[in-house]
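Here the structure is laid out as structure tokens; the discussion comes afterwards.
Below, each value reflects all heavy atoms present in this structure, side chains not excepted, and no hydrogens, waters or symmetry copies.
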Amino acid sequence: MNTEEEIQQIKRNSFRFLLRMFLIFFLLILIFSVYWGFIKKIPVFEEASPNGTNEIEIVQLGNGFPYITPSIKVYFKENGRVIKTKKINVANFMESNHQERYNVSWTGENKTSIMMKFELETMNMNFNFSTKKLDIEVTKKHNRIS
């Protein structure tokens, strides 16, 4: 091999190495953004029943991207064990999801009502810990988008 062929070979190898490093870096950024946007669990709200045996925990799944609404997962716990979960899409267009959007009221020890005030709709979720029955109703639909 003469020196020109060696130089060309070194250039090709350098280019391939840089291309591989760029692809690996791009894939890492893509994986992290998917995790951050859709998978990461962020605690939003947690409340226990009057005597502390039952508990409700609301967790946001991902941070969402602009114009893509995140989901929440509601965990109903009895004596520290999850007995039921429900995944709900947050009906917000441009506003953030925060603790003030949720209002929990307990009827006795085993019945709870969660009012979720989102930007585009208001939902009521009723759960009975004794019967494990979950009822969801949309009470108001807001349409702030023209």
Any side-chain heavy atom of [X] sitting closer than 4.5 Å to one from [Y]?
X	Y	value
K87	T85	no
M125	I88	yes
V90	M116	no
N103	I114	no

Measuring from atom [atom1] of [X] to atom [atom2] of [Y], what distance do you get when rounded to the nearest 0.5 angstrom?
X	Y	atom1	atom2	value
L19	S14	CG	OG	12.5 Å
E46	Q99	CD	CD	10.0 Å
R20	L23	CZ	CG	9.5 Å
S113	D135	OG	CG	10.0 Å
K77	I83	NZ	CD1	11.5 Å
S71	N97	OG	CG	10.0 Å

Pairing of E78 and K132 as salt bridge, 4.0 angstrom limit: yes
Please determine if K73 and E57 form a salt bridge, counting it only when a charged side-chain N lies under 4.0 Å from a carboxylate O. no
For residues [X] and [Y]: do they belong to one hydrophobic cluster (side chain heavy atoms under 4.5 Å, members Ile, Leu, Val, Met, Phe, Trp, Tyr)?
X	Y	result
L61	V82	no
M115	Y75	no
F17	I24	yes
I58	V138	yes
L120	M123	no

Pair E119, R101 - check salt bridge (charged side-chain N to carboxylate O under 4.0 Å, His left out), show working. CA-CA 9 Å; E119 181 182 1; R101 293 195 179 278; 5.7 Å; no
Could you please spell out the steps behind the side-chain contact (heavy atoms from CB on, under 4.5 Å) verdict for I72 and V59? CA-CA 6 Å; I72 60 167; V59 175; over 6 Å; no
Start with the C-alpha gap between V74 and Y102, add the side-chain angles, then the distance that decides, and say whether side-chain contact (heavy atoms from CB on, under 4.5 Å) holds. CA-CA 11 Å; V74 182; Y102 304 95; over 6 Å; no
Look at atom CD of E137 and say whether more than 12 heavy atoms of other residues, nucleotides or ligands are closer to it than 6.0 Å.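 Result for CD/E137: enclosed.
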Over 12 non-hydrogen atoms of neighbours within 6.0 angstrom of CZ in R12: yes
Step through it carefully: locate the ring centre of F127, locate the ring centre of F129, and say whether they are under 6.0 Å apart. yes
Looking at [X] and [Y], would you say the former's side chain and the latter's main chain have a donor-acceptor pair under 3.5 Å?
X	Y	value
T122	K117	no
N92	F118	no
Q60	G62	yes

Side chain to side chain donor-acceptor pair (under 3.5 Å) partner of N54, the single match among N110, N79, T112: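 Going through N110, N79, T112 one by one, the side chain to side chain donor-acceptor pair (under 3.5 Å) with N54 is satisfied by N110 alone.
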Could you check whether E55 and S49, counting side-chain N and O atoms only, form a donor-acceptor pair closer than 3.5 Å?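 No.
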Derivation and outcome, side-chain contact (heavy atoms from CB on, under 4.5 Å), residues I10 and N13: CA-CA 5 Å; I10 291 171; N13 290 342; 5.7 Å; no
Please lay out, stage by stage, how W106 and K111 fare under the test side-chain contact (heavy atoms from CB on, under 4.5 Å). CA-CA 6 Å; W106 292 89; K111 292 182 183 177; over 6 Å; no
